[in-house]
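Worksheet: the structure to be examined is printed underneath.
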Amino acid sequence: MRMKRAMFLLGGACWFLFTLGFAAFLILYVTEGAGLQYFGPTISSGSVALGLVHVVGLVTAIVLCFSIGAGLCAYGIVGVKDGREPKDAAEQINTAN
């Protein structure tokens with residue numbers, strides 16, 4: 001049981017590292033122009049749209065990675081309340097009959 005909890009915590013920490021990686025890339029991308037580098041020095045609607053799509057995608061990846069990491073860490077810390085593994089649906093049906 002300890003090993004399982006440790007693996008959940010380790011997996012959650014890895015997802016938090018993915019979050020930090022995406023956040024670092026987003027900061028670097030925004031500080032370098034966020035799409036302006038693809039269409040030259042002029043600001044056009046295409047460069048703004050491309051930059052916006054990239055920023056929204058990176059923010060979505062950050063939120064998704066953080067959510068997965070938080071869920072894994074929470075399960076690793078709290079675990080099952082009564083200390084038992086949850087039963088699957090087939091076992092619950094068999095014990096009810």
Side-chain angles (χ1 to χ4, degrees):
M1 188 65 157
R2 284 182 168 171
M3 187 66 173
K4 186 176 181 180
R5 293 177 82 171
M7 292 307 294
F8 276 115
L9 288 172
L10 183 63
C14 287
W15 280 100
F16 284 138
L17 289 176
F18 294 148
T19 301
L20 290 176
F22 279 123
F25 182 72
L26 177 64
I27 291 170
L28 183 67
Y29 182 70
V30 169
T31 57
E32 290 187 2
L36 293 178
Q37 64 270 27
Y38 298 113
F39 294 109
T42 60
I43 297 176
S44 66
S45 61
S47 64
V48 172
L50 184 67
L52 181 64
V53 167
H54 283 145
V55 168
V56 168
L58 286 169
V59 168
T60 303
I62 289 169
V63 169
L64 183 66
C65 289
F66 182 81
S67 301
I68 293 171
L72 287 174
C73 284
Y75 190 78
I77 292 171
V78 175
V80 180
K81 287 186 179 182
D82 59 357
R84 295 181 299 159
E85 292 293 319
K87 295 181 180 180
D88 62 352
E91 288 180 30
Q92 290 177 352
I93 292 171
N94 289 339
T95 57
N97 291 333

Over all heavy atoms of both residues, which pair between [X] and [Y] is shortest? Give the atoms and the distance, please.
| X | Y | value |
| --- | --- | --- |
| Thr31 | Leu28 | OG1-O, 2.9 Å |
| Thr19 | Cys65 | OG1-CB, 3.2 Å |
| Gly12 | Cys73 | CA-SG, 3.6 Å |

**Message:** Tell me whether Val53 shares a hydrophobic cluster with Leu64, the cluster being built from Ile, Leu, Val, Met, Phe, Trp, Tyr side chains joined at under 4.5 Å.
**Reply:**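 No; tracing contacts between hydrophobic side chains, which count when under 4.5 Å, never links both residues.
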
**Request:** Following the transitive rule for hydrophobic clusters with a side-chain heavy-atom cut-off under 4.5 Å over Ile, Leu, Val, Met, Phe, Trp and Tyr, establish whether Val59 and Tyr29 coincide in one cluster.
**Result:**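 Looking at the clustering, Tyr29 is in the same group as Val59.
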
**Message:** To the closest 0.5 Å, what do you measure between CE (Met7) and OH (Tyr75)?
**Reply:**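 Reported to 0.5 Å precision, the distance equals 14.5 Å.
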
**Asked** Residues sharing Phe66's hydrophobic cluster, by side-chain heavy-atom contacts under 4.5 Å among ILVMFWY, directly or via others?
**Response**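 Its cluster partners, ordered by chain and number, are Phe16.
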
**Counterpart residues, ring pair (Phe, Tyr, Trp, His ring centres under 6.0 Å), relative to Phe25 (two or more places apart)** =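 Listed in chain order: nothing, the list is empty.
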
**Request:** Go through the structure and list residues passing ring pair (Phe, Tyr, Trp, His ring centres under 6.0 Å) with Phe22, not counting sequence neighbours.
**Result:**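 Counting only residues at least two positions away or on another chain, Phe22 forms no ring pair (Phe, Tyr, Trp, His ring centres under 6.0 Å).
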
